[in-house]
Amino acid sequence: MYRTMYCGELRPSHIGQKVTLAGWVHRQRDHGGVTFIDLRDRSGVVQIVGNPEVPGAAMIREARVEWVLQVTGMVRRRPEGAENPNLPTGEVEVEVLECEALNPAKPLPFVVNKDEDVDENVRLKYRYLDLRRERMQRNLILRHRVVKFIRDYLDQQGFIEVETPILFKTTPEGARDYLVPSRVHPGCFYALPQSPQQLKQLLMVAGVDRYFQIARCFRDEDLRGDRQPEFTQLDLEMSFVHRDDVLNMVEGLFTAMLPVVAPHKKLLASPWPKLSYTEALERFGTDKPDLRFGMELYDVSDIFASSGFMVFQNTLKTGGVIKCIVVPGCAEYTRKEVDDLTSFAREQGAKGLATLALTAEGVKGTAQKFITSEETAALRERTGAGEGDLILFVADQKTVANKTLSALRLLFRDRLQLADRNTMAFAWIVDFPMFEWNEEEQKWDAAHHPFTMPRLEDLSKFDTDPGSILSDAYDMVCNGYEMASGSIRIHRRDIQFKIFQLLGLKEADIQQKFGHMLEAFEYGAPPHGGIAPGIDRLVMLLADEPNIREVIAFPKNQAARDLMADAPSPATDKQLAELHIRVELPKEEQG
RNA sequence: GGGGGCGUGGUGUAGCGGUUAACAUGCGGCCCUGUCAAGGCCGAGACCGCGGGUUCGAAUCCCGUCGCUCCCGCCA
């Protein structure tokens with residue numbers, strides 16, 4: 001036995017006991033005579049006291065930060081006035097009788113005993129040291145509690161956890177697949193699942209009724225702060241449910257979870273707001289709005305119907321819109337500040353940015369001389385803008401105006417600190433379109449995925465107006481992030497086949513790629529639906545972390561590399577030969 | 001594929017045309033019996049990511065390149 005208890009658990013009730021502890025030297029304070037060490041394990045730290053008169057305590061003085069020590073000693077109350085109220089163990093200390101260095105340590109590449117910014121390269125290369133830091137330990141524990149809560153809660157709700165294969169089949173559409181070559185089937189590849197979508201539906205056909213899984217998913221796309229090539233979803237599926245059955249289940253889960261895992265986080269509203277896809281786009285310019293603050297988008301096209309401003313006039317003539325947001329208290333922005341906003345807007349795809357500043361000295365801004373006082377009055381009336389506010393206009397096609405103003409809205413959220421960190425603004429986005437027109441390939445794509453049930457009342461529009469068909473898909477959003485995506489699924493072969501056809505798949509393709517799904521639907525598939533909340537993003541928000549790498553034990557960097565193990569790395573010739581693979585490296589670009 | 005930001009001792013930063021390249025922390029040594037970010041003294045440690053250019057002179061300005069990061073594209 002290396003230890004009799006954990007460091008962080010020592011309390012006055014242990015006074016007089018002889019204990020053995022094992023852990024890392026968190027800090028050392030050598031006073032020449034008496035020496036103190038804060039000994040750390042996962043549970044916390046406790047002060048160890050080494051007296052010069054005790055021969056067994058000698059090692060205390062030789063030890064350095066992050067050495068691994070085993071210490072045996074007596075628990076005693078700290079001397080009067082020497083208590084540390086900042087430590088849970090601060091009323092007691094352990095007086096060393098014996099101390100052994102289980103393993104010394106070289107000086108670390110960075111300090112782990114305080115929360116200090118360290119270059120992420122270095123952190124990731126020495127991730128096992130980075131994870132020693134209190135912040136990371138806290139995140140790992142929080143993540144564990146979240147997953148534990150999910151398992152317990154869903155178990156009580158009658159769900160069973162089923163594992164599905166990691167080696168599966170490539171699917172057309174969607175994200176790029178990670179492929180795994182087959183040794184025994186030359187030229188054939190497994191794909192790592194982008195999600196267990198098909199498998200969980202087949203579990204419904206199997207009569208599992210309520211399934212869930214803490215599922216690893218893989219997508220070979222470029223990374224972002226909230227995107228890793230492999231990530232974890234709470235994947236769940238339910239039989240004999242309508243949309244609101246799924247929504248209520250999930251809403252109940254997260255509403256119950258919050259006070260248990262993150263009591264300082266508050267729900268914005270209960271029940272959660274429900275917005276249609278169209279409404280979300282109109283009011284916030286995005287289908288994943290941050291509802292913690294206002295600054296909504298206004299369509300003011302009608303106000304400028306007969307505008308003398310050519311930019312506005314031309315936009316309206318070509319079918320575009322004029323939308324705006326009101327930035328509170330920023331009317332006095334300088335020319336440079338406005339220019340910076342304009343370049344930001346251009347980066348988002350807008351042609352430019354028109355501004356109107358309602359200052360104490362009157363109306364200013366780049367659009368001032370083109371906007372009449374009647375139009376300004378109508379704007380004030382429509383948007384509630386008042387003195388001191390800055391109105392930002394984007395005149396463009398609706399998608400561009402929405403995207404640009406949505407990005408500006410988030411920019412000001414951060415700049416003006418409009419969103420409360422401890423509010424979780426969960427909301428549902430519903431009534432998604434079934435299809436989106438793919439301009440590049442001149443075909444219809446599934447807006448959600450091809451297994452989503454279209455609204456039955458819209459089925460007649462299949463051949464005439466696919467773009468107007470709504471689906472039974474839904475997203476869960478929170479604080480500007482898409483936290484989950486789900487839908488009621490198709491359980492009828494005829495509808496599923498028709499969807500595949502509309503997506504441009506040939507009959508032979510359908511059979512080859514999805515024959516197993518279609519066949520399954522012929523053997524009594526129950527109506528079913530589900531959803532898949534992202535665990536990484538959820539924990540990121542709960543932990544107040546700026547990106548999901550902070551809540552993943554061993555994440556990859558933006559170039560999808562593991563800097564610790566240096567993966568990916570080349571395969572040996574022997575490995576490649578076994579897999580019947582020849583590597584052809586990209587040719588160097590000629591300069 | 002494109003755009004922005006960053007790159008200076010181990011770590012975190014300062015310096016932004018002429019400095020023995022500064023400070024903190026960490027590291028090594030010495031002193032110190034009640035500290036808890038312990039303290040004091042001394043010391044070692046960076047050719048300023050790399051390559052080229054401008055200049056009498058470059059960490060500093062310019063170009064290129066590499067790395068990291070944020071964003072756009074992409075992510076059914």
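Just so it is clear: chains get the letters A, B, ... in the order the sequence lines come, proteins before strands, and each one is counted from 1. Because the structure is a prediction, the values reported are computed rather than measured.
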Can you measure [X] atom [atom1] to [N] atom [atom2] for me and round it to whole angstrom units?
X	N	atom1	atom2	result
A/Leu341	B/rG4	CG	C1'	15 Å
A/Asp38	B/rA37	CG	C1'	10 Å
A/Arg409	B/rC71	CZ	P	17 Å
A/His26	B/rA37	NE2	P	10 Å
A/Glu120	B/rG5	CD	C1'	15 Å
A/Gln28	B/rC36	CD	P	15 Å

Discussion item. When you compare the ring of A/His31 with the six-membered ring of B/rG34's base, are the centres less than 5.5 Å apart and the planes under 30° from each other?
Written reply: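 It does not: the two rings, one from A/His31 and one from B/rG34, miss the stacking criterion.
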Item to complete: Measure from the ring centre of A/Phe36 to the centre of the six-membered ring in the base of B/rU35, then say whether that distance is under 5.5 Å and the planes meet at under 30°.
Response: yes
Worksheet item: Mind checking the C1' distance from B/rG5 to B/rG10? Whole angstroms is fine.
Response: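 25 Å, rounded to whole Å.
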Item to complete: For B/rC36 versus B/rC30, give the span between their C1' atoms, rounded off to a whole number of Å.
Response: 23 Å
Fill in: Aromatic centroids of A/Phe293 and A/Phe284 separated by under 6.0 Å
no
Discussion item. Just checking A/Trp444 against A/Trp437, ring centres under 6.0 Å apart?
Written reply: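 Ring centroids of A/Trp444 and A/Trp437 are less than 6.0 Å from each other.
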Worksheet item: What nucleic acid atoms does A/Gln198 come within less than 4.0 Å of, heavy atoms only: base, sugar-phosphate, or nothing?
Response: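 Nothing, no heavy atom under 4.0 Å.
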Item to complete: Have a look at A/Pro109 and say if it touches a base, only the backbone sugar-phosphate, or nothing, with a 4.0 Å heavy-atom cut-off.
Response: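 Sugar-phosphate contact only.
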Item to complete: Determine, for nucleotides 46-51 of chain B in 5'-to-3' order, which nucleotides have protein heavy atoms under 4.0 Å from the base (write B), from only the sugar-phosphate (write S), or from neither (write -).
Response: ------
Worksheet, complete the sentence: Heavy-atom contacts, protein to nucleotides 25-31 of chain B, under 4.0 Å, summarised as B (base), S (sugar-phosphate only) or - (none) per nt, yield S--SS--
Taking only the side-chain heavy atoms of [X] (C-beta and beyond), determine which of [options] contains the nearest atom.
X	options	answer
A/Asn121	B/rC36, B/rC75, B/rG67	B/rG67
A/Arg27	B/rC72, B/rC68, B/rA38	B/rA38
A/Val118	B/rU11, B/rG3, B/rU35	B/rU11
A/Arg29	B/rG73, B/rA38, B/rU33	B/rA38

Fill in: Beyond-backbone contact of A/Val49 with A/Val96, side-chain heavy atoms, under 4.5 angstrom
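Side chain of A/Val49 against side chain of A/Val96, heavy atoms only: no contact under 4.5 Å found.
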Worksheet item: Could you state the interatomic distance from CZ (A/Arg409) to CD1 (A/Ile325), rounded to the nearest 0.5 Å?
Response: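 Answer rounded to 0.5 Å: 8.5 Å.
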Worksheet item: For residues A/Arg489 and A/His449, is any side-chain donor paired with an opposing acceptor at under 3.5 Å?
Response: yes
Fill in: Side-chain donor-acceptor contact under 3.5 Å, A/Ser487 with A/Asp472
no
Worksheet, complete the sentence: Sorted by chain and number, sequence neighbours left out, ring-ring contact (aromatic ring centres under 6.0 Å, His included) with A/His31 holds for A/Phe36
Worksheet item: Hey, what's the ring geometry for A/His528 with A/Phe521, parallel, tilted or perpendicular (30° and 60° as the breaks)?
Response: tilted
